[in-house]
Amino acid sequence: MKVADLTGLPDGVPEHFQSQGIEELYPPQAEAVEAGITDGESIVASIPTASGKTFIAELAMLSSVARGGKALYIVPLRALASEKKEEFEEFEQYGVSIGVSTGNYDSDGDWLATKDIIVATSEKVDSLVRNGAKWVDDLSCVVADEVHLVNDAHRGPTLEVTLAKLRRVNPNLQTVALSATVGNADEMADWLDATLVDSSWRPIDLRKGVLYGQALHFDDGTQQELARGKQKETAALVEDTLGDEGSSLVFVNSRRNAEAAAKRLADVTKNHLTDEERSKLREVADEIRDVSDTETSDDLANAVEKGSAFHHAGLASEHRSIVEDVFRDRLVKVISATPTLAAGVNTPSRRVIVRDWRRYDGDVGGMQPLDVLEIHQMFGRAGRPGLDPYGEAVLIAKSHEELQELFDQYVWADPEAVHSKLAAEPALRTHILATVASGFAGTEDELLDFLERTLYATQTDETGRLETVTQRVLDYLERNGFLERDDRLRATGLGHRVSQLYLDPMSAAEIIDGLRAAEDDPTALGLYHLVSRTPDMYQLYLRSGDRERYTEIAYEREPEFLGHMPSEFEDHAFEDWLSALKTARLLEDWASELDEDRITERYAIGPGDIRGKVDTAEWLLNAAERLASELQRSDEESLPSATTTAVREARKRVQYGVEEELLDLAGVRNVGRKRARRLYAAGIESRADLREADKSVVLGALRGRRKTTETILENVGRKDPSLDDVEADAEAKATATKTANEAAGNGGQQSLGDFE
DNA sequence: CTTGAATGCGTCTAGACAGCATGTC
DNA sequence: CTAGACGCATTCAAG
């Protein structure tokens, strides 16, 4: 089938595809068209990565828009939302407008209502539905990307319930589900009343193989000899690819392994760089060092300089995108990565090397083999369409038996079936409350009727399981005052609040208990601990020595904690409580202006983890603040207003990462924790001071940076921000430098002594 | 005495969505 | 109850 034969698309779009060199549809795309994708028919496409899924989605969405409709594209990750948005913006020239909505990149509801195609994460869509976004009713087409994630215990149920809700609101909704190849795509098609397009066709060849010793065995029966002397397997494979001007992606099972591998592989790649590449890489390395002043950042820069990089979730998001970009530009020749990269933005590579195919799993207490699906996702990164003649995916075997085992287990094996995880209590807790609160169900029968529309219901034979868990969850929600239950189901004011705030009801209950237990002014640490022990904050790992360390802090600061502290003998509860204390201490350090590199060192985490923790804390403290005012509205024994004030202040302190006295200054645009501290040290203690102060002092405090100083003065609303004829005040400058140096060692008085 | 390979032992373990109101160094 | 790579320290042999 030719692109020119496509009908029903906006004017100019078929020609646009042709100008991109797309003449002929790929077989699975043609199959989708035959199944009526451009006529509003629902499709489940279960096809390999990089075999033209996006094009199928575009056909559905654009034809739907051409008929006057509105389309929604659901992604699993925020990073993918911006990637897709950029891809779809190509069509703006044909009058199709694009909007994005994720937690951190938001456009308000009314603005989204005017867009033809909206890209959003599944949680954001769920939240928009809960909050009654009106444009949801106007949707004519929804595309769910990576729909096999319904298998994920934590986030799968959200996708499942969201699709069920969207289809309930609009029974004629065209549903397009894009999935990796899975064992039971037919069940998903069944669930969504869609036609199944199931294909293993790929636009470029993928050769799969296993390396054992010197021999690389491929699935087509061929073998390649790999000269490798004393070189490790991975290094030899990377070197071999480089000989063919190709790049490699190495998947390993831990962050530490990723960093160690990148360091070792740098010794291989450094010999394959041109002078031009070397100098460009030096610039990139400087850029990396600028992102953050931490060891991770340094290690990454050192590797990148030599043409190697690592990639994992402990990196700052800027680090991640730099690494991805520079790999796509072929400057960096190899990335050693944890599985983040397999699920994330598009980073294709000539050769994919899966070094570790087992991963530690605390629940079983040992190494567990990865799912076939997961390994295939990694394999799918091999081969760049249009650039590589073929892609290669290689596993590494350490014994002859393993060689055969890996072929059977991963090369020849079909991926597993995906199974809905909706019947788990934590998932139902949040979705049942939301379903009732946003009016999808007014009685228990209606609730069960709604749950019948989910994948779970179509998959299970076990009758009654859903009913039983539903009853337990309803009891829980009623007991905690989120629902009222007689012959009907009704969300209370508090219940509505919790649903809108997108909180796990259990988190909300914990926060409410804590706030009620707070007698007078709660401290920041007390509040940080409160939000850190909710299920919405994921726990830091307690390392050796941590148990004793934090037990000691727990007793020292016992009066600050809100609510009951479990006894040391309730082993599990106490460990969790301590782990939350560790998180709380991290937040306290951050809000006490301790330097980033000290924090990463002290808690053995990456710069990206700090950001993650701080963001979550900010979100939960905001929720706590709203819950406090909701309680004040509805409660008999209303909370003291000092509590709300304390929560707000604790939130602002983590938000800016500063002590209380800097809150005013840190709110000024372009003034962060460091600059605020320097200004304060120079005697400028508030925005008012900043508007009045001697310009030379301000300039000195900002260490003589004229452009920055002007911008800041402008942002604070100073009438005449110009710095002409102003020289930096020497004393202020000296103080600023001194403050900077001290800050490196001191993160607020109360933090000292506990560790050193 | 130096260097470096071999061996032993303790340590630690992937990922990442959401609210709200505006913007780091 | 279950594993295994890394990194540091110690040991041992060659030069």
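Model, not experiment: these values are computed from the prediction.
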Using atom CG of A/Asn131 as one end and atom C1' of B/dG19 as the other, report the distance to the nearest whole Å.
9 Å

Atom pair CZ (A/Arg255) and CD1 (A/Ile605), whose distance is rounded to the nearest 0.5 Å:
8.5 Å

Before accepting this row, confirm whether a basic side-chain N of the pair A/Arg547/A/Glu575 lies closer than 4.0 Å to the acidic partner's carboxylate O.
yes

Which of B/dA18, C/dG7, B/dC17 is nearest the side chain of A/Lys124? It is B/dA18

Just N and O in the side chain of A/Arg355: are any of them under 4.0 Å from OP1 or OP2 of C/dC6?
yes

Go through C/dC6, B/dA16, B/dG19 for me and flag the one nearest to the A/Tyr502 side chain.
B/dG19

Think A/Lys263 has a side-chain N or O under 4.0 angstrom from the OP1 or OP2 of C/dC6?
no

With a 3.5 Å cut-off and just heavy-atom distances, do the side chain of A/Arg358 and the base of C/dA3 make a donor-acceptor pair?
no

So what does A/Arg320 hit on the nucleic acid, given a heavy-atom distance under 4.0 Å: a base, only sugar-phosphate, or nothing?
sugar-phosphate

Tell me what A/Thr616 touches on the nucleic acid: a base, only sugar-phosphate, or nothing, going by heavy atoms under 4.0 Å.
base

A/Asp504 CG to B/dG19 P: how many Å, rounded?
15 Å

Pairing of A/Asp615 and A/Arg611 as salt bridge, 4.0 angstrom limit:
yes

I want to verify a distance call: between B/dG15, B/dC20, B/dA18, whose nearest atom is closest to the A/Arg626 side chain?
B/dC20

From B/dA16, B/dG15, B/dG19, pick the nucleotide closest to the side chain of A/Asp152?
B/dG15

Answer with base, sugar-phosphate or nothing: what part of the nucleic acid does A/Asn253 contact at a heavy-atom distance below 4.0 Å?
sugar-phosphate

A/Glu374 has an atom CD; how far is it from atom P of B/dA14, in whole Å?
13 Å

For A/His312, report the nucleic acid contact type (base, sugar-phosphate, nothing); a contact means any heavy atom under 4.0 Å.
sugar-phosphate

Salt-bridge present (A/Asp152, A/Arg155; N to O < 4.0 Å):
no

Tell me whether the side-chain N/O atoms of A/Thr338 come closer than 4.0 Å to OP1 or OP2 in B/dG15.
yes

Electrostatic pair A/Asp286:A/Arg289 at N-O distance under 4.0 angstrom
yes

Of the listed nucleotides (B/dG19, B/dA18, B/dG15), which one gets closest to any side-chain atom of A/Leu501?
B/dG19

Looking at A/Ser127, does any N or O in its side chain come under 4.0 Å of the phosphate oxygens OP1/OP2 on B/dG19?
yes

May I ask you to verify if any side-chain N or O of A/Arg155 is less than 4.0 angstrom from the OP1 or OP2 atom of B/dA18?
no

Would you mind telling me which residue lines up with the more 5' stretch of DNA chain B, A/Leu77 or A/Leu542, judged by nearest nucleotide?
A/Leu542

Upstream residue (5' side of DNA chain B) when A/Val252 and A/Pro76 are each assigned their closest nucleotide:
A/Val252

Contact class for A/Ala313 (heavy atom, under 4.0 Å): base, sugar-phosphate, or nothing?
sugar-phosphate

Regarding the side chain of A/Ser254, the nearest nucleotide among C/dG4, B/dA14, B/dC20 is B/dA14

A/Tyr360 vs A/Asn257, nearer the 5' end of DNA chain C by closest nucleotide:
A/Tyr360

Check A/Asp589 with A/Arg602, please: is the shortest side-chain N to carboxylate O separation under 4.0 Å?
yes

Can you figure out which of B/dA16, C/dG7, B/dC17 approaches the side chain of A/Glu123 most closely?
B/dC17

Could you measure between the two C1' atoms, the one in B/dA16 and the one in C/dA3, and give it in whole Å?
26 Å

Tell me: CZ of A/Arg130 to P of B/dC17, nearest whole Å?
16 Å

So does A/Arg256 get a side-chain nitrogen or oxygen closer than 4.0 Å to the phosphate oxygens (OP1/OP2) of C/dA5?
no

Within the structure, does a side-chain N or O atom of A/Arg78 lie under 4.0 Å from either OP1 or OP2 of B/dC17?
yes

Any salt bridge between A/Asp576 and A/Arg533, counting N to O under 4.0 Å?
no

The answer to which of A/Gln368 and A/Lys398 contacts DNA chain C further toward the 5' end, by nearest nucleotide, is A/Gln368

A/Trp619 side chain: which of C/dA3, B/dA14, B/dG19 is closest?
B/dG19

Report the base-pairing partner of B/dT22 (Watson-Crick or G-U wobble, both distances below 3.5 angstrom), or none.
none

Base, sugar-phosphate or nothing for A/Arg543? Non-hydrogen atoms, less than 4.0 Å.
sugar-phosphate

Does A/Thr121 place a side-chain N or O at less than 4.0 Å from the phosphate oxygens OP1/OP2 of B/dA18?
yes

Between C/dC6 and A/Arg264, is there an OP1 or OP2 to side-chain N/O distance shorter than 4.0 Å?
yes

Identify whether any heavy atom of A/Val668 sits under 4.0 Å from a base atom; if not, whether one sits that close to sugar-phosphate; answer base, sugar-phosphate or nothing.
sugar-phosphate

So, are A/Arg359 and A/Asp371 salt-bridged, with charged N and O less than 4.0 Å apart?
no

Identify the nucleotide, in any strand shown, that forms a Watson-Crick or G-U wobble pair with B/dA16, with both distances under 3.5 Å; if there is none, say none.
none

Applying a 3.5 Å limit to both distances, which nucleotide forms a Watson-Crick or G-U wobble pair with C/dC12?
B/dG4

Which one is paired to C/dT2, where only Watson-Crick or G-U wobble pairs with both distances under 3.5 angstrom count?
none

Using whole Å, what does the distance between atom P of nucleotide B/dA16 and atom CG of A/Asp126 come to?
19 Å

Atom-to-atom span, CG of A/Asp361 to P of B/dG15 - whole angstrom
14 Å

Checking N1-N3 plus N6-O4 or O6-N4 for Watson-Crick, or N1-O2 and O6-N3 for wobble, each under 3.5 Å, the partner of C/dG7 is B/dC9

A/Arg669 CZ to B/dT24 P, straight-line distance once rounded to whole Å:
9 Å

Does the side chain of A/Asp536 pick up a donor-acceptor pair with the side chain of A/Ser507 at under 3.5 Å?
yes

Roughly, in whole Å, what's the span from CD in A/Gln500 to P in B/dG19?
11 Å

Between B/dC12 and A/Ser544, is there an OP1 or OP2 to side-chain N/O distance shorter than 4.0 Å?
yes

